[in-house]
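Here is the structure we will look at.
Below, all heavy atoms of this structure are taken into account, side chains as well, without hydrogens, waters or symmetry copies.
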Amino acid sequence: MRNETASMPAPGRAASTALPEPLLAVRDLCVSFRDESGWLQMLKDVSLTVRPGETVGIVGESGCGKSLTALSVLGLLPRRGCLRTGQIRFEGRDIAGLGEAEMRKVRGRRIGMIFQEPMSALDPVFTVGHQISETVQTHFPVSRRQADARAVEALAAVGIPSPKNCAAMYPMSLSGGMRQRVMIAMALVCEPRLLIADEPTTALDVTIQAQIMDLLLELGYRTGTAILFITHNLGLVAESCARMLTMYAGQVVEDGPVEEILSRPLHPYTAGLLASLPNQQAHKAKLSSIPGRVPSPNEMPDGCRFAPRCVYAEAACREPQALLARGDRHVRCRRSQSLTLPGAAT
């Protein structure tokens, strides 16, 4: 692993007050899929940045485009029936136009990914050690013995007891928490500059969730790896991220520092998500919810996509909404300056 501990900031923070150039910069990303009725747009004008050493969270309801954004960055979309436009710059070059052979050099080596369900991502017919060492040999000119040793080191680095024994086991023999640690080891074994963690704590109990998050942040701190963290859990974002993005119906609707968004959201959808969090001080209070449902891709409103569910909507919201700069934040709501929205309950 890279030894950059002395120069690294606290987990989730950028390296210095002077912002470095973005490690990842996505601009105006659009993704459409074709079915029997024609082309359906799933992502529209998605823009985001991740700087070196930074931890950024993406939140939103299921189907809002979080995972699809991650797959777009890695070039893992289907070759047929899919159209992707926009710019994806990583380490200063546009990787959106790279062919499959060039993208294989980026995946795993420069950008690692933890997928949502480790049992689906891990191959059941190979040992976990074999799968990790295969990743090493794909990107480094090392022998099989050296790759196997690196795999054991990676398993030890993520806190797996008896890593040599674990390397000889098959995924089905491991618990959910152990499989998630194996996925983290595989994602970090090649020391990527960026780690995309897609729901890394899904289906894990609270204790294991905390262990996995502590592990990710500690490894990011120690190696200097930036993290793009995709989740439904606003509590985890609040505890671990420096910045957060809210996505709704295939668009980024808000982007800014975590503390500012939690205390004073600018978009009504973000405020609705925060209001739905349980309030420990209101023991028997009814949980708040956002009325309505997310529109399907073939029923998207022409204007603001959240307008049909928004209690603050007015006539002007029927027009398309641009992502507007508000200081160091961005929001896709033309009413954001006139609204005073409640933040998370304390």
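With respect to Arg326 and Glu254, no salt bridge is recorded, no charged nitrogen being found less than 4.0 Å from a carboxylate O. Taking 4.0 Å as the cut-off between side-chain N and carboxylate O, Lys105 and Glu91 do not count as a salt-bridged pair. Ion pair Glu100/Arg104 flagged as a salt bridge, since at least one NZ, NE, NH1 or NH2 atom sits closer than 4.0 Å to an Asp/Glu carboxylate oxygen.
In this structure, Arg179 and Val128 have side chains that are not in contact, with every pair of non-hydrogen atoms separated by 4.5 Å or more. Residues Cys82 and Val31 are in side-chain contact: their nearest non-hydrogen atoms beyond the backbone lie under 4.5 Å apart.
By the rule that hydrophobic residues join a cluster once side-chain heavy atoms approach within less than 4.5 Å of another member, Ile290 and Val331 end up as members of separate clusters. Leu323 is not connected to Val26 by any chain of hydrophobic side-chain contacts under 4.5 Å among Ile, Leu, Val, Met, Phe, Trp and Tyr, and they are in different clusters. The hydrophobic cluster containing Leu74 also contains Leu29, counting ILVMFWY residues as joined when their side-chain heavy atoms lie under 4.5 angstrom apart, directly or transitively. Residue Val56 is grouped with residue Met113 when hydrophobic side chains (ILVMFWY) are merged at heavy-atom distances under 4.5 angstrom, including chains of intermediate members. Note on Leu245: it does not cluster hydrophobically with Leu341, by side-chain heavy-atom contacts below 4.5 Å among ILVMFWY residues.
At distances below 3.5 Å, not a single donor-acceptor pair connects side-chain atoms of Arg305 with backbone N or O atoms of Tyr248. Counting only distance, with no hydrogens or angles, the side chain of Asp45 and the backbone of Asp28 share no donor-acceptor pair below 3.5 Å. Distance alone, capped at 3.5 Å, is enough to place a donor-acceptor pair between the Gln131 side chain and the Asp123 backbone. Between the side chain of Lys66 and the main chain of Met247, no donor-acceptor pair closer than 3.5 Å is present. With Arg309 contributing its side chain and Tyr269 its backbone, the two residues share no donor-acceptor pair below 3.5 Å.
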Open item on the list: Would Leu219 and Val158 count as a side chain to side chain contact (heavy atoms under 4.5 Å, CB included) here? Give the steps.
Closed with: CA-CA 8 Å; Leu219 289 171; Val158 298; 4.1 Å; yes
TODO: Apply side chain to side chain contact (heavy atoms under 4.5 Å, CB included) to the pair Leu273 and Thr246, showing each step before the final yes or no.
DONE: CA-CA 9 Å; Leu273 291 179; Thr246 307; 4.0 Å; yes
Open item on the list: Checking Asn298 against Ser296 for the side-chain hydrogen bond (donor to acceptor under 3.5 Å, both in side chains) test, could you report, in this order, the C-alpha distance in whole Å, the side-chain angles of both residues, the deciding distance, and whether it holds?
Closed with: CA-CA 6 Å; Asn298 57 356; Ser296 64; 2.6 Å; yes
Open item on the list: Applying side chain to side chain contact (heavy atoms under 4.5 Å, CB included) to Val253 and Phe306, what does each step give before you reach the verdict?
Closed with: CA-CA 9 Å; Val253 296; Phe306 186 61; over 6 Å; no
TODO: Evaluate the criterion salt bridge (Lys or Arg N to Asp or Glu O under 4.0 Å) for residue pair Glu21 and Arg89; output intermediate values, then yes/no.
DONE: CA-CA 11 Å; Glu21 287 299 309; Arg89 295 190 67 82; over 6 Å; no
Open item on the list: Between Met169 and Met178, is the side chain to side chain contact (heavy atoms under 4.5 Å, CB included) condition met? List the steps.
Closed with: CA-CA 11 Å; Met169 299 175 71; Met178 292 285 278; over 6 Å; no
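For Arg144, the CZ atom sits in a packed shell: over 12 heavy atoms of surrounding residues, nucleotides or ligands are nearer than 6.0 Å.
Ring geometry for His130 versus Phe126: interplanar angle under 30°, hence parallel rather than tilted (30 to 60°).
Screening Leu155, Asp148, Leu188, Val152 for a side-chain contact (heavy atoms from CB on, under 4.5 Å) involving Ile132 leaves a single residue, Leu155.
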